[in-house]
Amino acid sequence: MPSVESSRSYDLYVKSLQHPKNPVLFLDYEAFKKNIDWIARKAGNKKIRIATKSIRSIGILKMLLESNPIFQGLMSFDLREALWLRDCGFTDILMGYPTLDFDSLEILALNSSGITLMVDLPEHLDLLETIGERKKTKFDICIDIDLSLSLPGFRFGVFRSNLNSMERLESFICHLKKKKHIRLKAIMGYEAQIAGVGDKDSVLIQILKRISLPKVKEKRLRFLNKILSHGFNIEMINGGGTGSLLTTCQEEAVTEVTVGSGFFAPSQFDNYKNLDLYPSLFFLLPIVRQPEKNIFTCLGGGYVASGAVGEKKLPLPYLPSGIKYIKHEGAGEVQTPLTYSGHAPLTIGDSVIFRHSKSGEICERFEEISVIKEGSIVTKIKTYRGEGKTFI
């Protein structure tokens, strides 16, 4: 991954933000635009669907969709969110995950257009059929198929969909064909073992990915053909993520690839090969204490990313160079002590700039994103939290 430090200095960011005294979330627009352009180029003839969980800002979502016609549609993470996004004017929303939110499904039943629900269990179908029959409506659905790689004594991938064999898929389809108020519109398969696993520093992971790639392609096509053999008309075949963009776009059967984190390029993507992305979303914490000569304490900072617990889930102290965590304290709930070995002077009232490990999760901590372009703040864009919205 390219470094922006050579072209975006610590001093430039701090000056652009006018030396803030409170934590600030900010976007480097030039780096953000480079990521948009790179993703658009690498998409080839595939449509790119934007993962909202990795963005969590209406303003940024609109900016992305307006930047290039290759970006079409959203993948949402919660049905309440999807309904709200539709109210905000978004018209093509694919739920990335199943829902059992009865109240929200009742609302969707009043007008089911523009939202496609994700399913992978007969129970999902039963709930939708019950509501659809009572409300005299039809729900559009997408079937989530499992694309993990099962090896002897080892599973390379995630536990996601129940539909991991042809037998289960056949049983599911037979159950689906009995439903009168459900329309199968799409299938999805997320190759998490490729898209969600960094490989730059692990030869073993690189080998496992190479083994997995043809198996993912073959399984996706085999599952698709099974569904088509039952007479369904599939409009959309969704796959991948930022980490698998280069390979998923090569699959002829796939019509669109989901991308989210690549626009902000969080620190977890530093461990991926062949992703020419630039860190673009940062947060700044003010220094409020100096307990020792080379130890500086920032306000806030405990914005730990989701997933398996580990040091890489902590935010990355980024600028100025030479700033690091104190190992036994890490990122704190209300304060974060750091050691500093850099050459630029630091003191009380100065700031430290961080990158989050993941992408949109950091937006849950801030009400707005300050957008920096050409050395100054050009606009401030609300996050979901700034809009008064929290989902999961």
Side-chain angles (χ1 to χ4, degrees), residues 49 73-83 85-86 91-148 150 157-192 216-239 251 253-256 258 392:
R49 183 174 293 274
L74 305 177
M75 176 180 284
S76 66
F77 55 87
D78 185 275
L79 183 52
R80 294 166 298 165
E81 177 209 18
L83 291 167
L85 289 170
R86 190 177 65 177
T91 57
D92 178 6
I93 304 168
L94 170 64
M95 286 283 297
Y97 311 86
T99 182
L100 297 177
D101 182 350
F102 186 88
D103 291 340
S104 294
L105 287 169
E106 289 270 301
I107 295 171
L108 180 63
L110 299 175
N111 173 16
S112 62
S113 66
I115 296 176
T116 302
L117 299 168
M118 190 65 66
V119 297
D120 64 60
L121 286 170
E123 291 86 346
H124 299 150
L125 301 177
D126 293 342
L127 176 60
L128 297 181
E129 180 69 11
T130 297
I131 297 174
E133 183 176 21
R134 182 162 48 80
K135 293 290 188 178
K136 295 181 173 54
T137 190
K138 279 193 174 185
F139 293 109
D140 288 333
I141 65 165
C142 175
I143 294 178
D144 189 354
I145 60 174
D146 176 79
L147 292 179
S148 297
S150 294
V158 296
F159 288 97
R160 187 181 173 103
S161 170
N162 172 69
L163 300 175
N164 54 16
S165 69
M166 293 298 287
E167 292 75 21
R168 286 186 175 182
L169 180 63
E170 177 71 26
S171 176
F172 182 86
I173 293 173
C174 290
H175 195 72
L176 171 61
K177 291 175 77 171
K178 299 174 185 177
K179 307 303 181 184
K180 306 299 182 184
H181 296 84
I182 300 173
R183 184 173 76 96
L184 178 56
K185 180 179 180 179
I187 70 167
M188 170 191 167
Y190 176 52
E191 52 271 47
V216 164
K217 180 179 179 180
E218 185 274 333
K219 189 174 185 180
R220 190 184 339 253
L221 189 58
R222 184 159 44 90
F223 275 41
L224 171 62
N225 287 335
K226 168 61 71 174
I227 294 169
L228 293 176
S229 72
H230 281 268
F232 291 103
N233 179 31
I234 302 300
E235 301 175 13
M236 171 178 34
I237 303 166
N238 179 281
E251 288 191 41
V254 171
T255 63
E256 61 174 42
T258 300
I392 58 173

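Every value quoted in this text rests on a predicted model; they were computed, and no experiment measured them.
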Going by heavy atoms in the side chains, are [X] and [Y] under 4.5 Å from each other?
X: Leu108; Y: Thr137; value: no
X: Met118; Y: Leu94; value: yes
X: Glu129; Y: His175; value: no
X: Leu79; Y: Ile107; value: no
X: His230; Y: Lys226; value: yes
X: Ser113; Y: Arg86; value: yes
X: Ile131; Y: Phe102; value: yes
X: Ser148; Y: Asn164; value: no

- Query: Crowded around Leu110 CG? As in, over 12 foreign heavy atoms under 6.0 Å?
  - Reply: yes

- Under the side-chain contact (heavy atoms from CB on, under 4.5 Å) rule, what do Leu147 and Phe223 come out as? Steps first, then yes or no, please. CA-CA 10 Å; Leu147 292 179; Phe223 275 41; over 6 Å; no

Measure across [X] and [Y] and return the closest heavy-atom pair with its distance rounded to 0.1 Å.
X: Lys138; Y: Ile182; answer: CG-N, 4.3 Å
X: Thr99; Y: Met95; answer: CB-CE, 4.4 Å
X: Ala109; Y: Lys135; answer: CB-CG, 3.6 Å
X: Cys142; Y: Thr116; answer: N-CG2, 3.7 Å
X: Phe77; Y: Tyr97; answer: CA-CD1, 3.8 Å

At what distance, to the nearest 0.5 angstrom, does [atom1] of [X] lie from [atom2] of [Y]?
X: Asp146; Y: Arg168; atom1: CG; atom2: CZ; result: 9.0 Å
X: Ser104; Y: Glu81; atom1: OG; atom2: CD; result: 11.5 Å
X: Leu74; Y: Arg49; atom1: CG; atom2: CZ; result: 7.5 Å
X: Asp140; Y: Ile93; atom1: CG; atom2: CD1; result: 12.5 Å
X: Asp144; Y: Leu163; atom1: CG; atom2: CG; result: 7.5 Å
X: Leu176; Y: His124; atom1: CG; atom2: NE2; result: 13.5 Å

- Task: Please assess Glu133 against Lys180 for the test salt bridge (charged side-chain N to carboxylate O under 4.0 Å, His left out), listing each intermediate value before the final yes or no.
- Result: CA-CA 8 Å; Glu133 183 176 21; Lys180 306 299 182 184; over 6 Å; no

[X] side chain to [Y] main-chain N or O, any donor-acceptor pair under 3.5 Å?
X: Thr255; Y: Ile237; result: yes
X: Lys217; Y: Ala253; result: no
X: Arg220; Y: Gly189; result: yes
X: Arg183; Y: Phe139; result: no

- Task: Under the side-chain contact (heavy atoms from CB on, under 4.5 Å) rule, what do Glu106 and Arg134 come out as? Steps first, then yes or no, please.
- Result: CA-CA 10 Å; Glu106 289 270 301; Arg134 182 162 48 80; 2.4 Å; yes

- Glu123: salt bridge (Lys or Arg N to Asp or Glu O under 4.0 Å) partners, not counting sequence neighbours: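 Applying salt bridge (Lys or Arg N to Asp or Glu O under 4.0 Å) to Glu123 gives none.
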
- Quick one: salt bridge (Lys or Arg N to Asp or Glu O under 4.0 Å) partners of Lys179, sequence neighbours excluded?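 For Lys179, the residues satisfying salt bridge (Lys or Arg N to Asp or Glu O under 4.0 Å) (neighbours in sequence not counted) are Asp126.
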
- Item | Modelled atom types, side-chain donor and acceptor of Asn238 and Thr258, under 3.5 Å |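 The answer is yes; a qualifying pair exists.
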
